[in-house]
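Worksheet: one structure, shown below.
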Amino acid sequence: MSDPRILTVRPEPGEYAWTFGGAPPVARIAPGTVLDLYTEDCFAGRVRSEKDLVSEVCEFPFLNPQTGPFHVEGAEPGDTVAVHFVSIEPARDWAASTTVPLFGALTSTPSTATLQPALPETVWIWQLDRVRRTALFSARDSDISIELPMDPMHGTVGVAPAHLEVRSALVPDAHGGNMDTPEMRAGVTCYLGVNVDGALLSLGDGHARQGEGETCGVAVECAMNTVVIVELLKGVATPWPRIESDTHIISTGSARPLEDAFRISQLDLVRWLVRDYGFSELDAYQFATQAVESPLANVCDANYTCVAKLRKEWLPERETHRGLHARLRETAAALGL
C-alpha cells in the first residue's frame with residue numbers, strides 16, 4: 001500500500017449516480033487508491049433557503065446523489081472492499097434540514113397510513129463554523145439558537161447489490177446504501193461485501209451531524225469534501241456492512257420491521273466474534289448480550305438500520321479483517337492526510 005495513486009473526483013451536476021447497481025463506473029481504481037471526492041447533499045444542492053421546499057425544488061426519486069461508482073480492480077463476489085474514511089469536511093458554511101410530507105418517524109407515511117394530514121413542510125438552514133467545528137440551530141417559531149458540535153459523517157456508502165438488483169440511493173440493505181449511521185465518520189473503516197465484479201463503490205449524503213435514529217428523516221445535510229482509501233480483502237466475505245474504529249467493532253442490519261434490523265446487526269456481531277475472536281457461537285451470544293451497545297442509525301428510511309457495537313478493549317487480542325484498519329490508519333498518517 002505504499003505510494004497509492006490519488007484520484008480527485010469533482011462531479012458535474014449531471015454526473016452523479018442515483019442508484020446502487022445499474023450505473024456505469026466513473027473510474028477504475030486499483031486497491032490502495034486514495035479518492036479525494038466531492039459529494040453533493042441529499043437535495044442535490046437545491047435547498048438553499050427556508051423558502052426552498054423539497055416538494056417544489058427536488059424531483060423524486062432524484063435524491064441522495066452518489067459520487068461514483070468506482071470499479072475496484074480485482075474485486076469479485078466473495079471478497080470485501082474496505083473504505084477507510086480519512087477525512088470528511090463540509091464543503092460549505094451552511095447546511096439544510098427539513099420536514100418532508102409523509103416521511104419521518106413521527107408522522108403518517110405511505111406504509112404507516114393514518115387519517116391525519118402530513119406534517120407541514122418546513123426548512124431549517126444551519127450555519128456551520130468550520131473553524132470552531134460547530135453547527136448553529138436557529139429555531140423557526142421561537143427565539144432559540146443553540147450551537148451543537150459538528151460531527152461530519154456519510155449517510156450513504158455502498159456497493160452494487162447482488163442478484164442483478166438496482167436499488168435506490170434512498171434504501172439501505174446488505175449492500176450498504178442509505179444506512180444513516182453517525183458511526184460512519186472520519187477515522188473508521190467500512191467493510192462491504194462484494195456482489196459483482198469490480199464492486200461498484202459509491203458514496204454521498206453528507207451530514208454535518210445527525211442524532212441517532214434520524215427521527216424526522218433528514219439530518220443536517222451538506223455537501224462534503226471527503227478523502228477515503230479503498231482497499232480489497234480477497235477471499236473474505238462480509239454479509240452485512242461492518243465498521244471498525246480505533247475503539248469498537250460495529251455491525252449493521254437494515255430491514256423492516258425494526259426488530260429484524262436489530263436481529264441482523266446482533267447476529268452479524270455474534271458471527272464476527274466467532275470468526276475472528278475465537279468464541280463459540282453460544283459464548284459469543286452470551287458475551288454480546290452483556291457487552292453490546294445498540295444505537296439506532298435510522299428509523300425513517302425505506303428500511304430501518306440498527307447498529308451493534310463492542311469495545312475492542314473487552315475483546316481478546318486477535319486480528320480482524322487481516323489488521324487492515326490499523327494499516328490504513330498508518331498509510332493515511334504517512335501520506336499526511
Side-chain angles (χ1 to χ4, degrees), residues 1 4 31-35 72 75 78-88 151-159 172 174-177 179-194 199 201 203 212 226-254 264-279 284 287-288 291-295 297 305-335 337:
M1 295 192 301
T33 297
V34 176
L35 295 178
V72 182
D79 298 338
T80 291
V81 164
V83 184
H84 181 68
F85 287 87
V86 178
S87 63
I88 306 173
D151 187 9
M153 51 162 283
H154 272 281
T156 306
V157 55
V159 294
H175 67 283
M179 297 178 285
D180 284 324
T181 172
E183 305 291 347
M184 204 72 73
R185 55 174 62 92
V188 308
T189 302
C190 176
Y191 302 106
L192 298 162
V194 176
L201 168 72
L203 68 154
E212 294 171 355
T226 294
V227 176
V228 300
I229 306 174
V230 180
E231 259 297 350
L232 179 63
L233 287 167
K234 292 294 295 181
V236 175
T238 303
W240 284 87
R242 292 175 176 176
I243 303 168
E244 183 178 358
S245 71
D246 293 345
T247 58
H248 288 78
I249 63 169
I250 304 164
S251 290
T252 70
S254 298
I264 291 168
S265 64
Q266 299 287 322
L267 177 60
D268 186 73
L269 188 66
V270 166
R271 288 178 170 165
W272 194 348
L273 293 176
V274 171
R275 191 190 75 180
D276 290 355
Y277 290 94
F279 287 79
F287 181 77
V292 71
E293 301 167 54
S294 303
T305 302
C306 287
V307 164
K309 55 190 288 191
L310 275 174
R311 297 176 185 269
K312 287 181 173 179
E313 65 182 297
W314 293 347
L315 295 173
E317 289 194 18
R318 304 284 177 90
E319 186 175 84
T320 184
H321 293 89
R322 298 176 183 164
L324 189 56
H325 172 72
R327 297 206 310 275
L328 289 172
R329 289 285 263 170
E330 291 170 1
T331 298
L335 292 170
L337 297 173

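Both backbone and side-chain heavy atoms feed into the values below; hydrogens, waters and symmetry mates do not.
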#### Entry: Intermediate values then yes/no, side chain to side chain contact (heavy atoms under 4.5 Å, CB included), V86 and T331
CA-CA 10 Å; V86 178; T331 298; over 6 Å; no
### Task
Evaluate the criterion side chain to side chain contact (heavy atoms under 4.5 Å, CB included) for residue pair T181 and I243; output intermediate values, then yes/no.
CA-CA 10 Å; T181 172; I243 303 168; 4.1 Å; yes
### Query
CZ of R271 to CH2 of W240: how many Å apart, nearest 0.5 Å?
11.5 Å
#### Entry: Beyond-backbone contact of T238 with V194, side-chain heavy atoms, under 4.5 angstrom
no
#### Entry: Distance-only polar pair, side chains of T80 and H321, donor-acceptor under 3.5 Å
no
### Query
Do the side chains of L203 and V83 get nearer than 4.5 Å, heavy atoms only?
no
### Query
Within the side chain of R322, is there an N or O that forms a donor-acceptor pair under 3.5 Å with the backbone of E319?
no
### Query
Atom OG in S251, atom CD in E183: separation rounded to 0.5 Å?
11.5 Å
### Task
Measure across A186 and S87 and return the closest heavy-atom pair with its distance rounded to 0.1 Å.
CB-CA, 4.0 Å
### Message
For E313, I'd like to know if atom CD has over 12 heavy atoms of other residues, nucleotides or ligands within 6.0 Å.
### Response
yes
### Task
Indicate the atoms forming the closest heavy-atom contact of G235 with D79, along with that distance.
N-OD1, 2.8 Å
### Message
With side chain to side chain contact (heavy atoms under 4.5 Å, CB included) as the criterion, how do I229 and T33 come out once you've worked through the C-alpha distance, each side chain's angles and the decisive distance to 0.1 Å?
### Response
CA-CA 6 Å; I229 306 174; T33 297; over 6 Å; no
### Task
Measure across M179 and S254 and return the closest heavy-atom pair with its distance rounded to 0.1 Å.
CG-OG, 4.3 Å
### Message
Any non-hydrogen side-chain atom of L233 less than 4.5 Å from a side-chain atom of Y191?
### Response
yes
### Task
Measure the spacing between CZ of R327 and OG1 of T189 and express it to the nearest 0.5 Å.
10.5 Å
### Task
Grab the two heavy atoms, one from V159 and one from A199, that are nearest each other, plus how far apart they are.
CB-O, 3.3 Å
### Message
I need the minimum non-hydrogen distance between K312 and D246, along with the two atoms involved.
### Response
CD-O, 3.5 Å
### Message
What's the separation between atom CG in D180 and atom OG1 in T252, rounded to the nearest 0.5 Å?
### Response
12.0 Å
### Task
List the atom of W314, the atom of F287, and the distance in Å for their closest heavy-atom pair.
O-CZ, 3.5 Å
### Task
Please round to the nearest 0.5 Å and tell me the distance separating atom CE of M153 and atom CE of M184.
8.0 Å
### Interatomic distance, L310 atom CG to Y277 atom OH [nearest 0.5 angstrom]
9.0 Å
